[in-house]
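By convention in this document, chain letters (A, B, ...) are assigned in the order of the sequence lines, proteins followed by strands, and residues within each chain are numbered from 1.
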Amino acid sequence: KAGVTQTPRYLIKTRGQQVTLSCSPISGHRSVSWYQQTPGQGLQFLFEYFSETQRNKGNFPGRFSGRQFSNSRSEMNVSTLELGDSALYLCASSLADSAGELFFGEGSRLTVL
Amino acid sequence: SQQGEEDPQALSIQEGENATMNCSYKTSINNLQWYRQNSGRGLVHLILIRSNEREKHSGRLRVTLDTSKKSSSLLITASRAADTASYFCATEESNYQLIWGAGTKLIIKP
């Protein structure tokens with residue numbers, strides 16, 4: 001069974017641009033969560049989608065948005081990029097209705113110049 | 001703060017020794033999970049312990065949970081170089097949201 005796939009793995013953007021990251025969960029998993037990881041702030045929860053609905057949301061500004069499609073694939077978008085958005089963005093999927101065990105992708109490393 | 005607390009922040013031990021790391025949290029939980037992350041990679045689930053469990057084993061891993069103290073510990077016995085990684089605890093709250101600790105960086109010296 002294929003794992004969680006995130007694309008792209010690495011990307012470089014400049015301030016003011018926008019970026020879209022993609023996550024394909026494990027087949028059959030209906031919940032997808034997104035996290036931002038930085039050396040200073042650790043693992044920060046962005047949002048969680050379950051069956052195309054945003055179920056939980058972290059404390060990030062409105063520049064960060066996401067969505068989930070009917071096939072459970074998810075995208076997150078960051079608009080008007082700032083230097084502080086440089087981070088590893090991790091996607092995780094789970095089978096259970098509750099959080100349960102999360103299966104993480106390898107992440108998308110975003111560098112904002 | 002969204003994060004729980006883990007200690008120590010960093011731990012360096014000799015191969016073959018045991019490693020213990022701790023996690024404290026603030027509210028009542030459904031379960032507590034431990035994850036491992038190798039440098040710059042995704043996290044890997046290690047073990048889940050439910051709120052009504054006190055101890056759980058998986059291979060060389062032993063996890064304890066003390067809900068009265070709102071704390072958990074992860075013990076890795078007979079450490080190996082491949083255990084070098086960061087270890088995170090995550091608590092599942094009643095709304096199913098996971099709250100993450102800041103992580104413990106474990107270095108196993110050969």
Side-chain angles (χ1 to χ4, degrees), chain A residues 2-7 9-10 21 23-26 29-51 53-60 86-111, chain B residues 1-10 21 23-53 56 58 61 63 72 74 85-106:
Chain A
V4 177
T5 304
Q6 290 188 247
T7 57
R9 288 293 314 281
Y10 303 92
L21 308 178
C23 173
S24 293
I26 292 173
H29 286 194
R30 294 162 63 192
S31 171
V32 174
S33 301
W34 288 90
Y35 292 86
Q36 181 196 66
Q37 188 176 34
T38 58
Q41 294 297 316
L43 201 66
Q44 299 286 321
F45 172 72
L46 281 156
F47 25 66
E48 185 231 349
Y49 288 88
F50 182 83
S51 294
T53 300
Q54 187 179 85
R55 187 161 64 172
N56 280 306
K57 189 177 188 301
N59 296 323
F60 277 81
S86 295
L88 180 66
Y89 289 88
L90 292 164
C91 166
S93 73
S94 70
L95 177 64
D97 190 19
S98 63
E101 174 185 349
L102 297 184
F103 295 81
F104 281 83
E106 292 294 332
S108 293
R109 183 164 295 281
L110 170 65
T111 301
Chain B
S1 167
Q2 191 175 4
Q3 292 185 333
E5 293 181 13
E6 294 188 51
D7 78 275
Q9 287 188 324
M21 52 206 88
C23 169
S24 61
Y25 56 92
K26 297 176 181 175
T27 65
S28 59
I29 60 173
N30 296 332
N31 62 62
L32 184 146
Q33 304 176 40
W34 285 92
Y35 289 79
R36 182 187 75 230
Q37 183 181 34
N38 292 92
S39 182
R41 308 289 297 276
L43 282 74
V44 175
H45 182 266
L46 295 175
I47 197 164
L48 181 153
I49 185 165
R50 302 191 188 285
S51 59
N52 61 353
E53 297 176 309
K56 205 161 182 180
S58 176
L61 306 180
V63 168
S72 172
L74 170 66
S86 291
Y87 291 80
F88 295 87
C89 71
T91 51
E92 181 185 299
E93 297 192 327
S94 56
N95 64 354
Y96 305 129
Q97 187 168 348
L98 284 179
I99 305 300
W100 293 82
T104 293
K105 188 169 185 177
L106 175 64

For the residue pair Gln37(B) and Leu88(A), what are the closest heavy atoms and their distance?
NE2-CD2, 4.1 Å

Restricting to side chain to side chain donor-acceptor pair (under 3.5 Å), what partner residues turn up for Gln9(B), sequence neighbours left out?
none

Please determine whether the number of non-hydrogen atoms from other residues, nucleotides or ligands lying under 6.0 Å from atom NZ of Lys56(B) exceeds 12.
yes

Could you tell me which non-hydrogen atom of Leu102(A) sits nearest to which non-hydrogen atom of Trp100(B), and how far apart they are?
CD1-CZ2, 4.0 Å

Closest non-hydrogen atom pair, Glu101(A) against Gln33(B):
CA-OE1, 3.7 Å

Using side chain to side chain contact (heavy atoms under 4.5 Å, CB included), reason through Tyr35(A) and Leu98(B) one step at a time and then give a plain yes or no.
CA-CA 11 Å; Tyr35(A) 292 86; Leu98(B) 284 179; 4.1 Å; yes

Taking everything shown except Arg9(A) itself, do over 12 heavy atoms lie less than 6.0 Å from its CZ?
yes

For Leu43(B) and Phe104(A), which heavy atoms make the closest approach, and how far apart are they?
O-CB, 3.3 Å

Is it the backbone or the side chain of Glu93(B) that comes under 4.5 Å from a heavy atom of chain A, or both, or neither?
neither

Okay, Gln6(A) and chain B: the region with an atom under 4.5 Å from a heavy atom over there is neither

